[in-house]
Amino acid sequence: MSLNHGREQLAIPGPSVIPDRVLNAMHRPSPNIYEGELIDITASLYPDLKAVARTRQSAAIYISNGHGVWEAALRNTLVEGDSILVLATGRFANGWADLAGSLGIHCERIDFGMQSDADPERLEAALKADTEKRYKAVLVVQTDTASSVRNDVPALRKAIDNAGHDALFMVDCIASLGCDRYEMDEWGVDVTVAACQKGLMTPAGIAFLFFSEKAAAARARAKPGLYWDWHPRANPEIYYQQFGGTAPTQHLYGLRAALDMMVQEEGIENVWARHETLARAYWAALDAWGSRGAIRHNIADRAKRSRAVSTIETAPEDAARIRKWTETEAGITLGVGLGFGTPGSADYNRRFRIGHMGHQNIPMTFGVIGAIDTALKALGIEHGEGALEAASKVMAAHGTKG
Ligand SMILES: *Cc1c(COP(=O)(O)O)cnc(C)c1O
């Protein structure tokens, strides 16, 4: 006997909830790939993608997930034997570094652990110590999806400039693009890595690289090979070169619908503001629960938290119990304690994550908070009261000053 006979909700940090408009736009037979509407739709995507990444520079599209563009970013700028500096703040920069290592690139890592952002002063010191300028690139993730820390990208840029270092600055925005404020050009980023299945609300399968003139110049030495080469994708003479082969036809229609919603209708500033308020609603609920018992956000300093995902710590085993309860009894799937120990370990089982990226509104937010609140009561987990009330107040104040 269960109450769970209604619409289900995925609240993991990617893939995110796909709007019906995106799904409906994709539900069509394959179009002509040589002329007609698809060609025009594809051309229309670039300006809107650049509006989301806040860049006037080059953009290339790949049929891949995030891992594919991690590799493409490296292949277009580096060669085997190069050295790079990786700032690790959770799971994902380490994953990118592992991939670089598999290509024969020498990675030096500064690991800030699972609860801190990358320290610009340590970056500056590491670059100043690199007197021979061995580091060809600095890699960082804007939002680490495991720790839910948000790195201060402009402060890291300033550290590179202060050190007078000419390494390329590469930022993984796969979790944060279209959720957390991001200003590629203003912040002086050379390569931005992104994918469609998180803030961009489209089924996994297309990914993006945005790159500066300086990064583009590195390609001549890097010799990426025909398939991963970003140049023909960003500067195609023939349509198919944009994808290195057949276009991801239905995906492009889906992405067009997503960008209509985000860029043409809501506006990217409003998209960011909505994510900010909904994230703060979750944080207010966490503070209420945490007023008694062990529940707390993984990142103590609100200024360092992502607006796309929240990682939550509980008493031992409680996170695993909450996840199981919300999935089976409420139809809400929460994220696992990725990056904290191995699956099933004590560290892992005391963390869960909430994805609040992309297609999110007040009832969806209440759905997740309400399901967790009900789970805490049903499971007898100690917690403070008033989480829904606290979240409600934050959302009620959206758009007002105060
Ligand atoms: C999801 C994610 C990735 C990996 O993307 P895939 O599409 O699964 O390859 C990389 N970096 C960050 C920050 C992510 O959130």
Side-chain angles (χ1 to χ4, degrees), residues 10-18 52-53 60-75 86-103 107 109 111-112 114 117-118 138-153 156 169-182 184 189 191-210 228 248 251 254-255 258 275 279 298-299 304-311 333-340 351-358 360:
L10 190 67
I12 65 173
S16 65
V17 172
I18 302 168
V52 174
I61 303 179
Y62 291 80
I63 301 183
S64 87
N65 56 23
H67 282 67
V69 280
W70 269 353
E71 178 157 345
L74 301 169
R75 285 193 181 277
V86 180
L87 309 177
T89 54
R91 183 63 213 107
F92 287 87
N94 279 312
W96 199 2
D98 291 345
L99 199 150
S102 78
L103 299 176
C107 301
R109 304 183 200 207
D111 199 333
F112 296 92
M114 292 297 288
D117 62 334
V138 173
L139 271 50
V140 72
V141 169
Q142 186 186 20
T143 279
D144 187 282
T145 324
S147 66
S148 70
V149 81
R150 183 170 50 96
N151 284 307
D152 188 343
V153 174
L156 296 170
F169 187 33
M170 303 200 198
V171 181
D172 169 345
C173 295
I174 295 171
S176 53
L177 196 75
C179 307
D180 284 303
R181 173 175 288 277
Y182 184 72
M184 174 168 171
V189 176
V191 180
T192 299
V193 176
C196 70
Q197 79 272 23
K198 298 187 184 180
L200 297 184
M201 314 186 295
T202 304
I206 25 185
F208 316 100
L209 290 180
F210 302 94
W228 292 111
H251 267 82
L255 184 62
H275 279 82
N298 183 53
I299 305 298
K304 298 186 173 178
R305 291 179 184 172
S306 165
R307 274 70 170 165
V309 50
S310 293
T311 304
T333 305
L334 300 169
V336 298
L338 187 75
F340 294 87
R351 269 114 186 163
F352 69 91
R353 293 173 303 152
I354 302 169
H356 34 86
M357 46 179 55
Q360 304 287 332

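Remember, it's 1-based here, ligands and their atoms both numbered in the order they're listed.
With Ser176 as reference, Gln142 is the one residue of His275, Arg181, Gln142 to meet the side-chain hydrogen bond (donor to acceptor under 3.5 Å, both in side chains) rule.
An N or O contact shorter than 3.5 Å links Gln197 to ligand 1 by distance.
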Problem set entry | Derivation of the side-chain contact (heavy atoms from CB on, under 4.5 Å) call for Phe112 and Leu87 | CA-CA 7 Å; Phe112 296 92; Leu87 309 177; 4.2 Å; yes
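With hydrogens and angles disregarded, a donor-acceptor distance shorter than 3.5 Å links the side chain of Asp144 to the backbone of Ala146. Arg150 contributes no side-chain N or O that, together with a main-chain N or O of Lys304, makes up a donor-acceptor pair within less than 3.5 Å. Proximity of a side-chain donor or acceptor of Ser147 to a complementary backbone N or O of Gly90 within less than 3.5 Å is not detected.
Per-residue contacts place Val141 under 4.0 angstrom from the following atoms of ligand 1 (heavy atoms of the residue considered): 13 (C). The ligand atoms of ligand 1 that sit less than 4.0 angstrom from a heavy atom of Thr143 are 13 (C). Numbered from 1 in the order shown, with element, the atoms of ligand 1 that lie under 4.0 Å from a heavy atom of Gly66 read 5 (O), 6 (P), 7 (O), 9 (O). Set against the non-hydrogen atoms of Trp70, the atoms of ligand 1 under 4.0 Å away are 10 (C), 11 (N). The atoms of ligand 1 that sit less than 4.0 Å from any heavy atom of Asn65 are 6 (P), 7 (O), 9 (O).
Not a single heavy atom of Trp96 sits under 4.0 Å from any atom of ligand 1.
One finds a salt bridge joining Asp98 and Arg91 here, because a Lys/Arg side-chain nitrogen approaches an Asp/Glu carboxylate oxygen to under 4.0 Å.
The nearest heavy-atom contact from the protein to atom 9 (O) of ligand 1 is His67 ND1, 2.5 Å. Here the heavy atom of the protein found nearest to atom 1 (C) of ligand 1 is Lys198 NZ, 1.5 Å. The protein heavy atom nearest to atom 11 (N) of ligand 1 is Asp172 OD2, 2.7 Å. Among all protein heavy atoms, the one lying closest to atom 15 (O) of ligand 1 is Thr145 OG1, 2.4 Å.
Note that OG1 of Thr145 and CG of Asp172 are 7.0 Å apart. Values are rounded to the nearest 0.5 Å.
Neither side chain, Thr202 nor His251, offers a donor N or O lying under 3.5 Å from an acceptor on the other.
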